[in-house]
Amino acid sequence: MVTKTKTTKTRKKRTTRRRTRRRNRKKLVIVESPSKAKTVGKFLGRTYRVVASKGHVRDLPKSKMGVDIKHNYKPHYISIRGKGDTIRMLKSEAKKAKKIYLASDPDREGEAISWHLAHLLKLNVKDKNRVSFNQITRDTVRDSFKHPRTIDMNLVNAQQARRILDRLVGYSISPVLWRKVKKGLSAGRVQSIALWLVIQRERAIKKFKPQEYWTIDLNLSKANSKFKGSFWGVNGKKRELHNNHDVQEVMKNVNAKQSLTITDVKKRIRHRRPTRPFTTSTMQQAANRRLHFRTGRTMMAAQQLFEGITIGRHGNQGLITYMRTDSTRIATQAEHHAAKFIHDQFGKEYVANPPAKGKESKGEQDAHEAIRPTSVFRTPSSIKRYLTRDQYRLYALIWIHFVASQMTPAKINTMTLSMEQNHVDFRANGSRLIFPGFLTVYGMSNKDSNLMPDLKANDTVKIDSINPDQHFTQPPARYSEANLIHTLEKNGVGRPSTYSPTLSTIQRRYYVRLKARRFVPTELGEIVNKIVETYFPDIVNIKFTADLENKLDQIAAAKRNWVRVVDQFYQPFSKEVDHAQSQLKDVQVKDKLAGFNCSICGAPMVIKMGRYGKFDACSRFPACRNTKAIVRKIGVTCPKCKKGQVIVRRSRRGRKFYGCSRYPKCDFVSWYKPISRKCPKDGHFLVEKRTRGGYQVVCPNHDYKEALQK
């Protein structure tokens, strides 16, 4: 009897422990990144465990096509190499979890990540275990877990179709380029269009023939007011000045000592309206133009701001809404908060009522708002000490742009003067800001242009000076990152998530290079583009590619079948691949001579392109494997050892710096370019520093500065 009683007690204890364990089991939430997991975890509390998948966990294999073309383009997914520990951790946590939620980013790619996670963890895709949120704030995150949904297979299929199309193009054209040109080359749908645009612009620049034209500018005055005017035409008809002969004909009838007579005065109030809130592409463009950020740098800082930053006692806070969107609409609550902030800070006359409505995009990303701060009351200055320099500058740009978008237009009083002397007509335009409106938040409230006195018809103005000037038309400018993204977006090529990796790829493959922050095609890029243009014309056809993007959007909206879309593309494309393999002849990329001979065998050295840039190599490779790094001297003796030369070097992250050629014997380094002069205050070497206004020579030890003309 005693034994039975003990056994019964033991069973009761075990049952109680099991019930306690079950009761204490937590709900598992899987997000992409550790920083996002940290932020979301603090909002959800102790009953949840939040872990990170660290991006994708499954993908197509790198070693082969991975698409079964004969069986409806079925993809063969495998676990990504190097993700073994992460996958084991996720499976272990899933076994212990009371319930599993998939909370990856709210776009096609995020939906696909959740679908892959569901497959690995053997979850039912029809279960309501998918949670998404457009901003990482306490209220938004908690509310989203009250309304979980099933995985949207339409979004997953749209992402699968894009991935399979890119794989079919890349793994079909790239082997052709390897065999016919050189190994390591690649071609893709969007990157081929980007390269084609850069090369088309370069061709237009080479074909451009400058045209001469002249202007005649006037410095005018009336009483104590001075302003500017310019030649417009003759006898009431606009006339262009093509050469000096045209100028002399006009100048015969103009007397600098004689006043001009006002023939007409036009005054009107112009309203300058704020631009809409940021989309992904407009944010990338603005960051490139104003902050000089590359697209990768912009997206990295934006990702950090979205996932959450520790803000003192407030803990981790997501500071901006989701940064991959092509919609400019704003949530009603955010509009109300912005209106209250603007009313309190600037006054009721600065509040747009009603606020300008953003445009809803037709594409995949319209489930999200525009990019905006999660709280307009969190001003950039109030959180500056918690952010890195890049995070702060980008957040300030987003915050200012959003606040401005919710403010009233600026009112500008404009005046146009028509003036005449001996049947020669002149014009003068001026403006005065009478109400700053949204310009206040940009610090432009006192900006006026060519202020003119209050004049009326038949008044006269004095000519202080006449300045004829010769000009020549300029060729179209090369693409900057901002301009290229704008052109891709305008033509409907690519989507918010594709711009940054596209520009990175064409630079990494050395198809283009940046010169003065503008894209210049390389010889290799010209060769690859010519092959793609000749044998794969649809790949560089902007309308064709844009139409394909629209079809992907229709897949996401359940209006098209993804297999049919892929098949309609691949059937004609595969014939082009076969034609290229049979007809394309081998192309030789000639290596440029380095200008000296190999120190081992005496053969000429040539300049080659490797993964990390250019280097010198023996022309007899592989018989002789002698290589040498290319050293660029700046003509300055090392200020530390006085023996070596200062050379340009690159850090691990590719940032340029200056060091001694005798390294490691001499460890001199400088982020700024040293010059061959010393500071007049303490004798320290001076450096050349780039500023917004140009260049300055500065002393690293003192506040000594002087302008440098370049």
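Numbering of residues begins at 1 and proceeds along the displayed sequence.
Residues F472 and Y213 place their aromatic rings such that the two centres sit no closer than 6.0 Å.
The backbone N or O of P501 sits nowhere less than 3.5 Å from a side-chain atom of S504 that would complete a donor-acceptor pair. No donor-acceptor distance shorter than 3.5 angstrom exists from the side chain of T321 to the backbone of N134, with no hydrogens or angles considered. Without hydrogens or angle criteria, S132 side chain to P106 main chain gives no donor-acceptor distance under 3.5 Å. The main-chain N or O of M283 is never found under 3.5 Å from a side-chain atom of H401 such that the two would form a donor-acceptor pair. At least one donor-acceptor pair closer than 3.5 Å links the side chain of S174 to the backbone N or O of G170. In this structure, the side chain of R518 does not engage the main chain of Y479 through any donor-acceptor pair within 3.5 Å. Put simply, the side chain of S619 gets close to the backbone of P604: a donor and an acceptor are under 3.5 Å apart. Counting only distance, with no hydrogens or angles, the side chain of K585 and the backbone of K180 share no donor-acceptor pair below 3.5 Å.
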One pair to check against side-chain hydrogen bond (donor to acceptor under 3.5 Å, both in side chains): T282 and T279. What are the steps and the verdict? CA-CA 5 Å; T282 55; T279 62; 3.0 Å; yes

Which is it for T280 and D326 under the side chain to side chain contact (heavy atoms under 4.5 Å, CB included) test, yes or no, and what are the steps along the way? CA-CA 6 Å; T280 302; D326 45 21; over 6 Å; no

Under the side chain to side chain contact (heavy atoms under 4.5 Å, CB included) criterion, do I151 and V156 qualify, and how do the steps go? CA-CA 8 Å; I151 293 173; V156 173; 3.8 Å; yes

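Scanning all heavy atoms of the two residues, the minimum distance from I173 to I539 falls at CD1-CG1, 4.2 Å. When every heavy atom of L552 is checked against every heavy atom of L165, the shortest pair comes out as CD2-CD1, 4.2 Å. Of all the heavy atoms in A334 and I330, the pair that sits closest is CB-CG2, 3.7 Å.
Contact check for M323 versus F278: no side-chain heavy atoms found under the 4.5 Å cut-off. Residues V512 and L195 are in side-chain contact: their nearest non-hydrogen atoms beyond the backbone lie under 4.5 Å apart. Side-chain contact check for R163 versus D59: some heavy-atom pair is nearer than 4.5 Å. Residues Q135 and R372 meet the side-chain proximity criterion, which asks for heavy atoms closer than 4.5 Å. Side-chain contact between F293 and R393 is present, with heavy atoms from C-beta onward closer than 4.5 Å. At least one side-chain heavy atom of T295 sits under 4.5 Å from a side-chain heavy atom of I485. Within the 4.5 Å cutoff, side-chain heavy atoms of K551 are placed close to those of D547.
The environment of M65 atom CE is dense: over 12 non-hydrogen atoms of other residues, nucleotides or ligands sit within 6.0 angstrom. Around the CZ atom of R179, the shell of radius 6.0 Å holds more than 12 heavy atoms that belong to other residues, nucleotides or ligands. Counting non-hydrogen atoms of neighbouring residues, nucleotides and ligands closer than 6.0 angstrom, the CD atom of Q571 exceeds 12 such neighbours. Crowding of K83 atom NZ: a count of heavy atoms from other residues, nucleotides or ligands under 6.0 Å exceeding 12. More than 12 heavy atoms of other residues, nucleotides or ligands shown are found within 6.0 angstrom of NE2 on H471.
Results of the side-chain hydrogen bond (donor to acceptor under 3.5 Å, both in side chains) test with D553 over R560, K559, R108 single out R108 as the only residue that passes. Put simply, the residue from Y322, F133, Y395 that forms a ring pair (Phe, Tyr, Trp, His ring centres under 6.0 Å) with F306 is Y322.
In summary, the side chains of Q285 and Y499 do not present any donor paired with an acceptor at a separation below 3.5 Å, with no hydrogens or angles considered. At a cut-off of 3.5 Å, with distance as the only test, no side-chain donor of N529 or E526 sits close to an acceptor on the other residue. Under the 3.5 Å distance criterion, with hydrogens and angles disregarded, a donor-acceptor pair is assigned to the side chains of R203 and Q200. Side-chain contact annotation: T298 with Q284, donor-acceptor N/O pair under 3.5 Å absent. Side-chain contact check for E489 and S281: at least one donor-acceptor pair (N or O, by modelled atom type) lies under 3.5 Å. Side-chain contact, N550 with Q554: no donor N or O sits under 3.5 Å from an acceptor N or O.
Aromatic ring pairs are classed by plane angle as parallel below 30°, tilted from 30° to 60° and perpendicular above 60°; the pair Y570 and Y73 is perpendicular. Below 30°, between 30° and 60°, or above 60°: for F569 and F544 the angle between ring planes is between 30° and 60°, a tilted geometry.
D68 contributes atom CG, which lies 8.5 Å from atom NZ of K70 (distance to the nearest 0.5 angstrom). Between the OG atom in S497 and the CG atom in D105 there is a gap of 10.5 Å [rounded to 0.5 Å]. Separating the CG atom in N561 from the CD atom in Q568 is a distance of 9.5 Å, to the nearest 0.5 Å. Atom CG of L197 sits about 7.0 Å away from atom CG of N491, to the nearest 0.5 Å. For the atom pair CG (L90) and OG1 (T86), the distance works out to 6.5 Å, reported to the nearest 0.5 Å.
A salt bridge is absent between E109 and R324; no separation between the charged side-chain nitrogens and carboxylate oxygens falls under 4.0 Å. Using a 4.0 Å cut-off between charged side-chain N and carboxylate O, E202 and K206 make no salt bridge.
Figure legend: R509 and Y511 shown without cation-pi pairing, the cationic atom not lying both under 6.0 angstrom from the six-membered ring centre and within 45 degrees of its axis. By the 6.0 Å and 45° rule, R201 does not stack over the aromatic ring of W196.
Annotation: salt bridge (charged side-chain N to carboxylate O under 4.0 Å, His left out) contacts of E549 (sequence neighbours excluded): R162, R189. In this structure, R513 has no side-chain hydrogen bond (donor to acceptor under 3.5 Å, both in side chains) partners at least two apart in sequence or on a different chain.
The side-chain hydrogen bond (donor to acceptor under 3.5 Å, both in side chains) analysis of residues 536-546, with sequence neighbours excluded, yields no pairs.
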